[in-house]
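One structure is given below, encoded as structure tokens.
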Amino acid sequence: MKVLVINAGSSSLKYQLIDMTSEDVIAKGNCERIGIGGLITHKLADGTTIQEEADFPTHTEAFVKLVELLTTGDKAVVTDLSEIAAVGHRIVQGGKYFSESVLATDEVIDRIESISDLAPLHNPAHVQAIRACQKVFPAGTPQVVVFDTAFHQTMPPKAYMYGLPYEYYEKYQVRKYGFHGTSHRFVTARLAELIGGVEGKKVVTCHLGNGSSIAAVDNGKCVDTTMGFTPLDGLVMGTRSGAVDPSVILYIMKHENLTPDEMSNILNKQSGFLGMSGVTSDSRDLIKASEEGSERSQETIDKFRYQIRKYIGSYAAAMGGLDAVVFTGGIGENSDELRHDVCTNMEVLGIHFDDAKNVELNRHEGKISKDDSKVQVWIIPTNEELLIARDTKHIVEGMK
Ligand code: ADP
């Protein structure tokens, strides 16, 4: 069975075609500049890369193009579209309605659209992509939706409610939702395979990349996470501020005479590593800049690592114990320095870190705590696309 995984943004459409027998990626790519031009980059397993300018007024034309590259020419990987058994879509916001992946029926698509207010940059684009896919694929090709928020739906009210007047929860569904759920779920499931199950175990999963979040996972279920109503809360990120005292926002808006949209742009696009350092949103470049003497870059690095330590400690306290910590995401998987700084002097929590293994296993799956460490520390590379494909396969097989 072949499954096409789609991650659609408002002006982009990333895709992966996965062979579900081997779980290998057959082809992957990105359609960019949708609505403002068009560019497709298409990569095959043998290393071939095809890049073409195109005209993508909407997501539909992008689908037509990617299907053309998958099915025609001497680099075709499928002879007929019917070979693609199903399509799985990443959906950023499922609100309170979706605690697991489901088939994209008309009712489900309408529901995703109805909560667009909660994710205005993402949900409308997802819906456009699902509808475009319906037009381009043979009638009856199942589409499955997998939600970033679903894994966090097990959080109790004490974790997801804000200390605000209750009417805003009732009127606007203002609460913590959490994001990156597909990644937190993927690494939790993989950890379970590696350590013989997570039943009764208290785990903190750290997804650290351009966007970062940490989750507290008790007995395999998420009980708290750092992102909130939107993916802006929690850790300082590439360009996102993370948690700040809400009064600061009001203060800046008042003194700079800013609209909510302008302030949102500052918090989402001009803050974080970029805003603090004044140099870059990229963690590697940040490290380089600090080595070259940028004090602000060093402060930014220090803050990020300090926050991660604080969340691990607070989640251990919240769960009443800690059995494992997992690092994933571009930074979590690749930065031995970050893992060193976060996990050193953490004996109080039962972490005995193994520095040699941390360096040796960098970028790879493996345990980086000492064998006698009460708390196991792991690097587990994430694979959100694979989890979407697995869910899609599972749901489609259940339809038979
Ligand atoms: P996204 O959230 O967009 O999926 P990724 O998970 O790919 O992002 O993470 C991207 C981040 O990972 C960038 O900030 C990049 O600098 C960082 N990164 C990659 N390799 C390293 C490394 N060796 N050391 C530190 N950071 C790294």
Side-chain angles (χ1 to χ4, degrees), residues 5-16 25 28-30 32 41 43 90 92 119 121-122 125 146 148 178-187 190 205-215 225-227 230-242 268-292 294 297-298 300-305 307-308 326-343 355 358-366 368 379-388:
V5 176
I6 298 293
N7 182 356
S10 51
S11 68
S12 72
L13 199 156
K14 293 197 192 105
Y15 59 92
Q16 280 195 12
V25 177
K28 65 177 177 182
N30 192 7
E32 295 167 84
T41 310
K43 294 183 182 170
R90 174 202 178 207
V92 164
L121 298 179
H122 293 101
V146 180
D148 272 14
F179 298 87
H180 288 144
T182 314
S183 177
H184 291 292
R185 193 177 129 217
F186 180 90
V187 297
R190 181 67 190 134
T205 51
C206 306
H207 176 105
L208 311 172
N210 226 338
S212 296
S213 69
I214 299 183
T225 189
T226 56
M227 282 180 168
T230 68
L232 185 57
D233 202 2
L235 297 160
V236 58
M237 303 176 222
T239 59
R240 285 173 254 174
S241 64
N268 281 288
K269 306 238 169 86
Q270 297 175 35
S271 299
F273 298 170
L274 177 66
M276 278 188 77
S277 70
V279 180
T280 177
S281 64
D282 186 280
S283 119
R284 268 166 304 189
D285 294 343
L286 198 61
I287 293 169
K288 197 157 153 265
S290 82
E291 285 165 358
E292 286 165 359
S294 162
S297 296
Q298 187 59 51
T300 308
I301 293 168
D302 291 345
K303 177 170 181 70
F304 183 53
R305 297 178 186 180
Q307 282 183 310
I308 298 166
V326 178
F327 287 95
T328 194
I331 304 175
E333 292 165 29
N334 295 306
S335 178
D336 50 273
E337 294 168 6
L338 172 131
R339 294 189 304 264
H340 166 89
D341 282 5
V342 169
C343 296
D355 263 310
N358 179 43
V359 173
E360 182 196 321
L361 290 173
N362 198 30
R363 295 169 216 282
H364 299 100
E365 180 179 279
I368 53 172
I379 305 170
I380 302 184
T382 195
N383 194 337
E384 290 159 278
E385 292 79 12
L386 181 57
L387 191 56
I388 293 171

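In each ligand, atom 1 is the first atom listed, and ligand 1 is the first ligand listed.
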Option passing side-chain hydrogen bond (donor to acceptor under 3.5 Å, both in side chains) with Asn7 (candidates Arg90, Glu384, Lys14): Arg90
Could you tell me which non-hydrogen atom of Thr239 sits nearest to which non-hydrogen atom of Leu274, and how far apart they are? CG2-CD2, 4.1 Å
Atom 2 (O) of ligand 1 sits nearest the protein heavy atom Asn210 N, 3.0 Å
side-chain contact (heavy atoms from CB on, under 4.5 Å) between Phe304 and Ser283: does it pass, once the steps are laid out? CA-CA 10 Å; Phe304 183 53; Ser283 119; over 6 Å; no
Close side-chain approach of Gln307 and Ile214, heavy atoms under 4.5 Å: no
Give the intermediate values and the outcome of side-chain contact (heavy atoms from CB on, under 4.5 Å) for residues Ile379 and Ile368. CA-CA 7 Å; Ile379 305 170; Ile368 53 172; 3.9 Å; yes
Should His207 be counted as touching ligand 1, given the test is an N or O pair under 3.5 Å? no
For atom 14 (O) of ligand 1, which protein heavy atom lies nearest, and how many Å away is it? Ser283 N, 2.9 Å
Distance-only donor-acceptor hits, side chain of residues 180-187, under 3.5 Å, sequence neighbours excluded:
from   : atom 1 : to     : atom 2 : distance (Å)
His180 : ND1    : Ser213 : OG     : 2.8
Ser183 : OG     : His207 : ND1    : 2.8
Ser183 : OG     : Thr382 : OG1    : 2.8
His184 : ND1    : Thr205 : OG1    : 2.8
His184 : NE2    : Ser213 : OG     : 2.8
Arg185 : NH1    : Asp391 : OD2    : 3.0
Arg185 : NH2    : Asp391 : OD1    : 2.7
Arg185 : NH2    : Asp391 : OD2    : 3.1

Closest non-hydrogen protein atom to atom 24 (N) of ligand 1, residue and atom name please, with distance? Ser335 CB, 3.6 Å
For atom 16 (O) of ligand 1, what's the nearest protein heavy atom and its distance? Asp282 OD1, 2.7 Å
Assess whether side-chain contact (heavy atoms from CB on, under 4.5 Å) is satisfied between Ser10 and Leu121, documenting all intermediate values. CA-CA 7 Å; Ser10 51; Leu121 298 179; 5.7 Å; no
Right, does atom 26 (N) of ligand 1 have protein non-hydrogen atoms nearer than 4.0 Å? yes
Would one find an N or O of Ser281, backbone or side chain, under 3.5 Å from an N or O of ligand 1? no
Is the shortest side-chain heavy-atom distance between Ile287 and Leu338 below 4.5 Å? no
Can you name the atoms of ligand 1, numbered from 1 with element, that are less than 4.0 Å from a heavy atom of Ile331? 11 (C), 12 (O), 17 (C)
Please write down residue, atom name and distance for the protein heavy atom closest to atom 6 (O) of ligand 1. Gly330 N, 2.8 Å
Show me which atoms of ligand 1 lie under 4.0 Å from any heavy atom of Gly211. 2 (O)
Please state which protein non-hydrogen atom is closest to atom 20 (N) of ligand 1 and give its distance, to 0.1 Å? Asn334 CB, 3.4 Å
